[in-house]
Colleague: 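Pasting in a structure now, in structure tokens, and then I'll have a few things to ask.
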Amino acid sequence: MRDDDLDGREAADESSEAEAGRKRNISIHLRVRPSAEALQAVFVDEDLRTVRISVLKNADQGYINNQKELFTFTFDGVFTPAAQQDQVFDCLAKDLLLGALEGVNATVFAYGQTGSGKTFTVTGGPERYADRGLIPRSIAFLFHSIAQRRTSLHKVCISFLEIYNEAGYDLLAPALAAQVVEDLPRVHIMEDDGGQLHMRNLSLHPVASEEEALNLLFLGETNRTISDTPMNAASSRSHCIFTLHIESRQVGQEVIKRAKVHLVDLAGSERVSKTRVVGTVLTEAKHINLSLHFLEQVIISLQERDGAQGRAHIPFRNSMLTTALRDSLGGNCRTVMVANVAATSDQAEETISTCRFAQRVAMISNTVMANEEVDPAVLIRLLKQEVADLREELRILKASPGVEEGGSAAQHYGDLHAAMAAYLSDPSPEAEFKAGSSMRLIRAAMAVMKTMINKQAPAGLSEAVNSSTPTGSPTEPGTMKRQLAELQCQVQQRDTEISALLGMLRTHGKVVPQESGQPASAVPLTEQASMTATVSVGHLTDQALTPHSAVIGALQHGSLADEAQLPPRNTLADRGSSLRYWEEHCFDGSGLQENRRLLRQHYHEAKHLGNQLDGGKESITHLRVQLQDMMTRQDGDGFLADGETDSMEFIKESIQKEAAHHSAALERLRELKPAIEHLQLLIEGSQRAKTAAFDVWHALALKISLQA
Ligand SMILES: Nc1ncnc2c1ncn2[C@@H]1O[C@H](COP(=O)(O)OP(=O)(O)OP(=O)(O)O)[C@@H](O)[C@H]1O
């Protein structure tokens, strides 16, 4: 039966390859929880992907007692009790996450009776690292995949919704002090004119790393535990939807891919069957979860829609859960269901009921397509650029010889000429000439370059360019004369610069000795002449790019002070000694030191907070295990030993306090992170600027000392 379905499914997938949206059935997987009791009633065959459940025929219904009945169900995959969490993740979620990075929505939901292992599958066990469930593993995998994709940009946000008694609650609400689930902020689903659903009041948290995301998961889980009371045992009766909102874009492209990955831990399903047996859905609804009943209705309707009946109306709006999962069921989403079962013989009825539900779910098909859209902001930027390019082209066209000699056009032609001259004379190998993005602009720039090279190379054109430019024949007397004149002109310019610098030194009280054979413009300095570059670290950041401009800037701003002495020649000959001398006499490093001190302080605090978070997590986990243990015992036999109710209250209060500390520490850590990054950047910039300033000073000091 299921194999036929699978064949049909594959055929449908292939035939729809050419379509924009692909039809895919929801895939269903069975997971059997380990139990002390050996499997007697439930037989799992991993290879055949089947489960066989044997139950005693019911004597009340007229069957002969001790006679057995066998039920067989086929799944897309089955996990035996020995299956490990990584195996489950690899099989169920990995592909979905890769698809989500390409803009395809995904949902994994766990369904099954209370205690069957849904939370273990979705979130994981609280103690062992290897027991991490789908959510933490998805987070880790997602950030790992993002780190590997160097050509794309990604943004990840997280939300965590709890649905209890038909109302939605935000598990990640900031500054929470919830005693019961109802204390959490209420979330409402709104539908816009385009039929899109929006969760009002559900906080969306951007996360930049696995660690940040895991901290939020932990916070949500803790909030869930605190608001869980023995009276309402909300964890078994509430649904939790943890959602990763993923945005991806290839670098340089304007198409944004958006996807949501829902990881859903549904409430215990056994209450639904009980409700159906008793037949008093509305009365029971006060105590049990009604939305699973509506979920089942939706599944049946979808099954009818996709089958021969062709039913049109699907009652999604009947409950918050079905509304929230609308796209996951029969919409645009790749959906996987995990049917969790406890395989003990006393639970066989529930296991059959879960398997039957899964078979119905498997009949539902979704139309899967990537959610892509063009980022309007990028589009606007591109259009503006295009307009600017076109205007530029127009002006260049007008400025072309023989077209027009108008003022602004000629001016533009002049600008292009100047930009090209600056480019050609820039000795940096990283120098760039931005010609614009159109061929016409590039051609115009090339034409300007050709004119410059052929006719009149501009003053400032570097020696390298001059010597390598194929300007006519370099041996022509006219060309050579011209090049000689240019070189002389450049030498003259450099001389003037040096004399201006030395002149400034003199006006600051220095006597500069004249080196024999120096040009007349050079000014003499005495052997002991010195200079002090008292540099504001902040200002130097910009100047650091070119040492030459750095020193000119420093000189022009009068920041070469008078007091310190030029070091002796032997000190100057050694770079290390010069640097120490310079740091001692000429450099004001107080800003840099202050930033370093602050960074150390922040690091220290962040480390302390990290330890505090780890410790807090440990104790919360410990308390949660204790609390859950008491609640399970209370659920089992209905009462606790003397004093245990008080202990429960005490544990709850302790968790609450720890959670408040955890939340505050997390908040502070979030504040520190950008501050640390900013300080690191500042320090790096200052360090670069300092090195550049020292280089300039050292070169100049050496020169002065040689001239002496
Ligand atoms: N595959 C497994 N391996 C080890 N322990 C498991 C496994 N599945 C479940 N458990 C353990 O069984 C207990 C019940 O599991 P869990 O809480 O996940 O059930 P649940 O279906 O989520 O129940 P509820 O509906 O009440 O939330 C937990 O202590 C859990 O750690």
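The basis for the numbers below is simple: all heavy atoms, side chains too, and nothing from hydrogens, waters or symmetry mates. In each ligand, atom 1 is the first atom listed, and ligand 1 is the first ligand listed.
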Colleague: Do any heavy atoms of Pro34 fall under 4.0 Å from ligand 1?
Modeller: yes
Colleague: Output the list of atoms in ligand 1 that are nearer than 4.0 Å to some heavy atom of Gln113, sorted by atom number.
Modeller: 21 (O)
Colleague: Purely on distance, is any nitrogen or oxygen of Leu266 under 3.5 Å from one on ligand 1?
Modeller: no
Colleague: So, does Gln628 sit close enough to ligand 1 that a heavy atom of it is under 4.0 Å from the ligand?
Modeller: no
Colleague: Counting heavy atoms only, which part of Lys118 comes closer than 4.0 Å to ligand 1: side chain, backbone, both or neither?
Modeller: both
Colleague: Picking from His205, Lys617, Glu210, what satisfies side chain to side chain donor-acceptor pair (under 3.5 Å) with Asn215?
Modeller: Lys617
Colleague: Under 6.0 Å from the ring centre and within 45 degrees of the ring axis: does the NZ or CZ of Arg624 meet both conditions for the six-membered ring of Phe218?
Modeller: yes
Colleague: If you measure from each heavy atom of Arg31 to ligand 1, is any distance below 4.0 Å?
Modeller: yes
Colleague: After noting the C-alpha distance and the side-chain angles of Thr119 and Asp265, does the key distance pass the side-chain hydrogen bond (donor to acceptor under 3.5 Å, both in side chains) rule?
Modeller: CA-CA 6 Å; Thr119 305; Asp265 183 2; 2.7 Å; yes
Colleague: Taking Lys118 for the side chain and Gly112 for the main chain, is one N or O donor matched with an acceptor at less than 3.5 Å?
Modeller: yes
Colleague: Is there a heavy atom of Gly112 sitting under 4.0 angstrom from any atom of ligand 1?
Modeller: no
Colleague: When you check the side-chain N and O atoms of Asp170 and Asn201, is any donor under 3.5 Å from an acceptor?
Modeller: no
Colleague: Looking at His245, I want to see if its NE2 is surrounded by more than 12 non-hydrogen atoms of other residues, nucleotides or ligands under 6.0 Å.
Modeller: yes
Colleague: For Glu618, does the CD atom sit with more than 12 other heavy atoms under 6.0 Å from it, leaving out its own atoms?
Modeller: no
Colleague: Need the ligand 1 atom indices (1-based, order shown) with element for anything under 4.0 Å from a heavy-atom of Gly117.
Modeller: 8 (N), 9 (C), 15 (O), 16 (P), 18 (O), 19 (O), 20 (P), 21 (O)
Colleague: Would you say Ser116 has any N or O atom under 3.5 Å from an N or O of ligand 1, going by distance alone?
Modeller: yes
